[in-house]
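Counting starts at 1 for both ligands and their atoms, in listed order. We're numbering straight along the sequence, starting at 1.
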Amino acid sequence: MKLTPFIDPLPIPQYLTPLERHKCFSYYEIGMKEFFHEFHSELTPTKIWGYEGQFPGPLVNVNSGECAHIKWKNELPDKHFLPIDRTLHGSSEHMPDVRTVVHLHGAEVEPESDGHPEAWFTNNYHTVGPVFDSTVYKYNNNQRAATLWYHDHAVGITRLNVYAGLVGMYIIRDEEERKLKLPSGAYEIPLIIADRGFNEDGSLFYSDTTTVRPGPVQPGLTFPHPSVTPGEAFENITVNGKVWPYLEVEPRKYRFRILNASNERFYKMNLSNGQKIIQIGSDGGLLETPVYMDALTIAPAERMDVIIDFSKLAPDDTVVLENTAATPFDFPPPIGTLPDPETDGQIMQFRVVELTGPDTSKVPAILSNIPKLRECDAAQTRDITLDADIDEYGRLKFLFNNKGFMERIDFKPKLNDTEIWRIINTAGATHPIHIHLIQFQILDRIPFDAQGFTANGLLSFTGPPVQPDVNERGWKDVVQSPPGFVTRVIMRFAPFTGRYMYHCHILEHEDHDMMRSFEVVERKCGCKNNCICKEHKPKRKCECKKNCRCHGKCTCKKTCTCRKKKSNHPSKEERRHKKCPTCPPCSETYRCECE
Ligand code: C2O
Ligand code: CU
Ligand code: CU
């Protein structure tokens, strides 16, 4: 079914208001609902899922340092309307169909609020996953201004839940950014891009089987139906929930926060009139200086904060945001397909109207300062190979270091350590690799002999390192890792300890089986008392026999699990005086963090 482009106006997601404002946090509730959504005026409404019954979900808008507590509620039916593959990790017959868990992508959060794939819950928390911890997630937003996004992360069905519509944008603002006088208010607009397919009756299309079957089905097994595919792309490009919308713009500057919320599709975006797009921010916030780009290649889950200056255009002029990226990315035909200029080659249209007032916004020459993480500060270098494998059903399956999601954790960075991760791509396709908890910097991409590496495990570089593109030289949490290159990223693991994920953000890869955990651990110093101190060597000798983080004082870090009310929990003073309580088990956990 061919839909007419540019006949529906671009919807603009609305800000969500908190239910309660407390002195030190705002409280929100966000329910996931099933509803009918109009993707295009020529299409009958489509059954989808969305946060607060919207697709994309409402905008969460906070100031840096302002805590937001969000109760995520699953109000969905018990049956999924998309095809579930029961052979994937965490997806067996015993698992409820409709499990959800929310990850705030790009946020520095405690592991309990990070949306661990196995912390899922069903409608009204009726059934919960093995690591489910709480119904209210706590985001302290102690990070610089940035465009984040929230989306589902349930084990084994993330691709389906996100495709069903469980995505939304989350904006952190700060003073540094406000001072810049960037376009704001009505001139600052989110663009959440996601491709979708529709059946004749308007219902959402998603493949229930795959033709990519390079190997045999192992004896004793039958090929599953439904089955996951190695990636799903669709011909209709939606922006903020509409297929090929248009936006009326005045001849002035606009700021667009672009998010690629697609499952598999990359976009290489350009403006049809040849005008440059000015990129001012990446995943983790503002760049140091604006960069003027002819085209922007955005992978799934990446964010690009841009300014488009329409001031040279006259009323009635139109400009199309076009896409030229091959799918799968970046395979030229015959393996991949180039976009059709009539369909997936277009994203949206801008229509110029009369100016309503002077444009006082700016594109400052200096936006921010990004302290460089130094290679010499790295305590460790870890290697991640991206491997293509064949599973027991003869299907293509992608892995990290030839291990799946369910295998033992082998990456344990120490709290506050800087590390370099080398992403070694032998797997043929570009994979967008995302790491939770932190923002990293891209060091470089070094070409290497992938065949030799696969054959004998020896890493030999075949050329000089390629510097990251100018628009990649800021904070990032997703990196495009092209085949035949070792992509090096550097980051500091802070401010929390615990388990987090790293994975490919092509959602069909993440579910099968390109996701692993890492665990940030306390630093243990070398003394006999096994104390956990901030420095490698404690200044004074630790006297206690416990695993403590001390400088001679006892400061055990235990998790109190008592049934007592908050007010009955030991005071800061008591805690400081080493009365870490051991109370009977409770629902309210709190962590004693005596220093
Ligand atoms: Cu946006 Cu772990 O994901
Ligand atoms: Cu994330
Ligand atoms: Cu991938």
Establish, from distance only, whether the side-chain atoms of N425 and H431 form a donor-acceptor pair under 3.5 Å. no
For S227 and R213, does a side-chain donor sit closer than 3.5 Å to a side-chain acceptor? no
N/O/S atom of H434 inside 2.8 Å of atom 2 (Cu) of ligand 1, strictly under: no
Residue H103, metal atom 2 (Cu) of ligand 1, N/O/S under 2.8 Å: no
Which atom, among the N/O/S set of [X], is closest to atom 1 (Cu) of ligand 1?
X: H151; answer: NE2
X: H105; answer: ND1
X: H505; answer: NE2

Candidate list W149, F35, Y28, W72, test ring-ring contact (aromatic ring centres under 6.0 Å, His included), partner Y51, passing option: W72
Nearest 10°: the angle subtended at atom 2 (Cu) of ligand 1 by H436 NE2 and H503 NE2? 110°
With respect to the Cu ion (ligand 2), please indicate if H434 possesses an N, O or S atom at a distance under 2.8 Å. yes
Are any N, O or S atoms from H105 nearer to the Cu ion (ligand 2) than 2.8 Å? no
Carboxylate-amine/guanidinium contact D85 R395, below 4.0 Å: yes
Could E407 and R516 be called an ion pair, given the rule that one side-chain N must be under 4.0 Å from one carboxylate O? no
Give the ring-plane orientation class for H103 versus H151, where under 30° counts as parallel, over 60° as perpendicular and anything between as tilted. perpendicular
